[in-house]
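I have placed the structure first, in the form of structure tokens, so that the comments after it can refer back to it.
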Amino acid sequence: MTDTASPCRRHDCHLCCVDTRMTLTTADVARLESVGFSDFARENRDGDLELRNRDGRCVFLEDGRCGVYHRRPDGCRLYPLVLDLGEDRVVRDDFCPHHEDFSIDPDRANRLRRSVARETAEAAKRRRRNSG
């Protein structure tokens, strides 16, 4: 029998939810607010929206599991894939102890690029609005 669970579940890992700096798109925020969540995001000094931490953990982490798994932000869905901005390529984040268990397929890479582009554009808009 093949284990089809995600590597996170197979390894009972939630390290990426500890002291998280996961950025959000406005669509992520709207998706979570539409089901009643509030006060889970903050704007950092760069104008990015980020998940809040409570006691050093993502506000949605409950007993080692994501409490909003089916509505989680795009960045969480795609992690440990990250965009290496210096080399403009999608890579697996070495911070994740199980990063080798994740594939970099073209669809996920394109989704990540689109999500990062949205976050970047939205943060730039917030910076302009806050400076003027």
Side-chain angles (χ1 to χ4, degrees):
M1 183 158 130
T2 303
D3 184 357
T4 59
S6 75
C8 309
R9 293 193 68 150
R10 271 199 319 272
H11 297 287
D12 195 27
C13 185
H14 59 265
L15 186 59
C16 60
C17 302
V18 176
D19 292 325
T20 186
R21 294 180 323 210
M22 181 58 67
T23 52
L24 307 167
T25 64
T26 55
D28 292 328
V29 172
R31 183 171 53 253
L32 290 160
E33 287 178 342
S34 75
V35 293
F37 292 103
S38 62
D39 199 32
F40 57 86
R42 69 178 198 87
E43 186 175 326
N44 68 22
R45 66 176 180 239
D46 296 326
D48 295 309
L49 296 176
E50 291 183 341
L51 281 173
R52 288 188 181 277
N53 286 279
R54 181 179 38 229
D55 299 325
R57 299 174 183 273
C58 173
V59 296
F60 294 123
L61 188 64
E62 301 170 357
D63 298 320
R65 299 275 190 232
C66 180
V68 296
Y69 187 80
H70 294 293
R71 297 195 187 275
R72 68 194 185 281
D74 285 345
C76 298
R77 292 172 189 271
L78 296 166
Y79 191 81
L81 300 187
V82 294
L83 185 58
D84 179 334
L85 296 173
E87 296 191 26
D88 190 37
R89 65 186 183 110
V90 174
V91 298
R92 294 180 201 101
D93 190 351
D94 289 337
F95 177 77
C96 172
H98 310 290
H99 65 274
E100 291 297 330
D101 291 355
F102 292 85
S103 63
I104 303 176
D105 64 72
D107 179 55
R108 286 173 54 90
N110 288 332
R111 284 179 47 211
L112 177 63
R113 286 180 181 283
R114 286 191 304 271
S115 184
V116 169
R118 270 192 307 275
E119 289 174 13
T120 301
E122 291 170 1
K125 187 176 181 179
R126 279 189 291 280
R127 283 193 305 273
R128 284 190 304 274
R129 185 181 61 230
N130 291 342
S131 68

Enclosure of Asp55 CG (heavy-atom neighbours >12, cutoff 6.0 Å): no
Expected output: side-chain Asp93 to main-chain Cys96 donor-acceptor under 3.5 Å: no
Exercise: identify the closest heavy-atom pair between Cys17 and Asn53: O-OD1, 4.3 Å
Heavy-atom side-chain proximity of Cys76 to Cys66 below 4.5 angstrom: no
Within-4.5 Å side-chain heavy-atom neighbours: Leu15 and Cys8: no
Derivation and outcome, side-chain contact (heavy atoms from CB on, under 4.5 Å), residues Glu50 and Glu43: CA-CA 6 Å; Glu50 291 183 341; Glu43 186 175 326; over 6 Å; no
Results of side chain to side chain donor-acceptor pair (under 3.5 Å) for Arg113 - residues two or more places apart only: Asp88
Rounded distance [0.5 Å steps], CZ in Arg52 versus SG in Cys58: 12.0 Å
Residue list, side-chain contact (heavy atoms from CB on, under 4.5 Å) with Thr25, at least two apart or on another chain: Ala27, Asp28, Ser115, Arg118, Glu119, Glu122
Co-membership, hydrophobic cluster, residues Met22 and Val68, 4.5 Å side-chain: yes
Residues Asp101, Arg10; criterion side-chain contact (heavy atoms from CB on, under 4.5 Å); working and verdict: CA-CA 10 Å; Asp101 291 355; Arg10 271 199 319 272; 3.7 Å; yes
From CA spacing to verdict: side-chain contact (heavy atoms from CB on, under 4.5 Å), Thr23, Leu49: CA-CA 5 Å; Thr23 52; Leu49 296 176; over 6 Å; no
Pair listing, ring-ring contact (aromatic ring centres under 6.0 Å, His included) test, anchored in residues 94-123, at least two apart: His11-His98
Step-by-step salt bridge (Lys or Arg N to Asp or Glu O under 4.0 Å) determination, Arg111 to Asp74: CA-CA 9 Å; Arg111 284 179 47 211; Asp74 285 345; 5.0 Å; no
Backbone N/O of Pro106 and side chain of Asn110: donor-acceptor pair under 3.5 Å: yes
Side-chain donor/acceptor of Arg92 to backbone N/O of Glu100, under 3.5 Å: no
Nearest heavy atoms of Arg72 and Arg31, plus distance in Å: O-NH2, 3.1 Å
Closest heavy-atom pair and its distance - Asp46, Arg127: O-NH1, 2.6 Å
Side-chain heavy-atom pair Arg42, Leu24 within 4.5 angstrom cut-off: no
For Pro73 against Leu51, the heavy-atom pair lying closest together: CG-CD1, 4.3 Å
Listed once per pair and sorted, the ring-ring contact (aromatic ring centres under 6.0 Å, His included) pairs that draw on residues 57-79, sequence neighbours left out: Phe37-Phe60, Phe40-Phe60
Residues clustering with Leu83 (ILVMFWY side chains joined when closer than 4.5 Å, directly or via others): Leu78, Leu81, Leu85, Val90, Ile104, Leu112, Val116
Where Gly47 and Arg126 come nearest, the two heavy atoms and their spacing: O-NE, 2.6 Å
Ionic contact status for Asp12 with Arg65, cut-off 4.0 Å: yes
Over 12 non-hydrogen atoms of neighbours within 6.0 angstrom of CZ in Arg21: no
Listed partners of Arg71 passing side chain to side chain donor-acceptor pair (under 3.5 Å), at least two apart: none
